[in-house]
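One structure is given here, and the rest of the page talks about it.
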There are 2 protein chains.
Amino acid sequence: MANDGSDTTPWLTPQERRAWLSIAALIVKLPNALDAQLQSDSGIGFFDYMVLAVLSEEPRRTLQLSDIAAATSASLSRLSHTVTRLERQGLVRRERIPGPGRRTNAVLTDEGYAKVVAAAPAHVRRVRDLVIDALTPTQLRTLGTVGARVIERIDPGRSCSDD
Amino acid sequence: MANDGSDTTPWLTPQERRAWLSIAALIVKLPNALDAQLQSDSGIGFFDYMVLAVLSEEPRRTLQLSDIAAATSASLSRLSHTVTRLERQGLVRRERIPGPGRRTNAVLTDEGYAKVVAAAPAHVRRVRDLVIDALTPTQLRTLGTVGARVIERIDPGRSCSDD
DNA sequence: CGTCCTAACTTGAAGCATCAAGTTAGGCCC
DNA sequence: GGGCCTAACTTGATGCTTCAAGTTAGGACG
């Protein structure tokens, strides 16, 4: 129970530790901050917003559930529950795909589209305030690169696309 | 409803957008990955682990609830519920502070201490694999700096200390 | 053409987080 | 020393996430 996979466990150096503390705080606080902004300004959570946003960028405002799940880094189960809720709010609608297998699309309704359009400006502004405009272009670039690198480590072989 | 706080909402440039997509994926996936590792190796969530870890670094393995909440970026309510659960598992114990006000300490039990000690190596290894060792020292340094900067924007005036 | 198989989704229960209301223990002020 | 105030928690309800188990629609194999 005290040896989970290695005899030698190199602890963090003071520099590494300091960096890690900042990163840990970041990945806790940034999602909270974005959730809070969207919740209070538009009555919607960050994840729900991402789902609507992803759909709004599709030509037919339509995407298969498993593709949405991949785009938002969520489990299919989570997504299914979420789509059920969004459906109840009239923002989205389900649609069976006729072909082979048991595939289902989610389609953004007009009301759903209006919701994202209404929510986006304040959301983007907050993202700018907290992240984009807080950093130099070089820092932002590094952050993007570094994020992609870590993501690649988490699940090797994936692209990314959400908002 | 279409104008949440500004007439001119500068959208993201393609570079900014690409960076933001990486960052968004990062703040969703990294917590999930850490949670999954801790859950499967030690049967404990990331947040619970942080609470125990913070306590384990105190001289008397004791800290006031509101200080733990601050150190882990959580609400007092969330922390109180969590401490109740940890208490039920025998990992922590509550202790009223006699002085003024209605202050309460959480104290790490021996069992709780054993738990963190057992969980830490695999957790640290995962943090190394995913983040620390995936980046150059310069990138890590930048990431730390940048994290601190964003945190400062989120709630101005705070230090950080957790694991 | 029937059985097995897989991929994609659904569902229900259990756990965890959040929000809004309480509660509690002293200070403060007259 | 009685009423009021604040800070620090606690609690219960509600909602979201996860987990494990189920369901469904074809395809492949024999």
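Letters go in sequence order (proteins before strands), and every chain restarts at 1. Owing to the predicted nature of the structure, the values given are computational and were not obtained by experimental measurement.
Of all nucleotides in DNA chain D having an atom under 4.0 Å from a heavy atom of chain B, the first and last in 5' to 3' order are D:dA8 to D:dG12.
In this structure, B:I44 CD1 and B:L86 CG are separated by 6.5 Å, a value rounded to the nearest 0.5 Å. Atom CG of B:D155 is separated from atom NZ of A:K29 by 4.0 Å, given to the nearest 0.5 angstrom. Between the CG atom of B:L26 and the CG atom of A:L143 there is a distance of 7.5 Å, given to the nearest 0.5 Å.
Comparing A:S75 and A:R102 against DNA chain D, the residue whose closest nucleotide sits nearer the 5' end is A:S75. Toward the 5′ end of DNA chain D lies the nearest nucleotide of A:T82, the other residue of the pair A:G101 and A:T82 mapping further downstream. Residue A:L65 is the one, among B:R96 and A:L65, whose nearest nucleotide of DNA chain C lies closer to the 5' end (criterion: closest heavy atom).
When the side-chain contact (heavy atoms from CB on, under 4.5 Å) test is applied to B:E95, the partners found at least two apart in sequence or on another chain are B:R93, B:N105, B:V107.
The CG atom of A:L38 sits 15 Å away from the P atom of C:dT18 (whole-angstrom rounding). We find that CZ of B:F47 is positioned 18 Å from P of C:dG15, with the value rounded to whole Å. Between B:D35 atom CG and C:dG15 atom C1' there is a gap of 12 Å when expressed in whole angstrom units. Atoms CZ (A:F46) and C1' (C:dA17) sit 18 Å apart, rounded to a whole Å.
In this structure, A:L30 and A:V131 have side chains that are in contact, with non-hydrogen atoms separated by less than 4.5 Å. Looking at B:R94 and B:L65, their side chains come closer than 4.5 Å, going by heavy atoms from C-beta outward. Between A:V124 and A:I132, every side-chain heavy-atom pair lies at or beyond the 4.5 Å cut-off.
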side-chain contact (heavy atoms from CB on, under 4.5 Å) between A:I23 and B:L140: does it pass, once the steps are laid out?
CA-CA 10 Å; A:I23 299 164; B:L140 184 62; 4.1 Å; yes
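Residue contacts for B:R78: at a heavy-atom cut-off of 4.0 Å it reaches a base atom on one of the strands shown.
The base of C:dC19 lies close enough to the side chain of B:S77 for a donor and an acceptor atom to sit less than 3.5 Å apart.
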Measure all distances between protein nitrogen or oxygen atoms and nitrogen or oxygen atoms of nucleotides 2-6 of chain C, and list the pairs falling under 3.5 Å.
none

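In this structure, A:V83 is not a member of the same hydrophobic cluster as A:I97, with clusters built from ILVMFWY side-chain heavy atoms closer than 4.5 Å.
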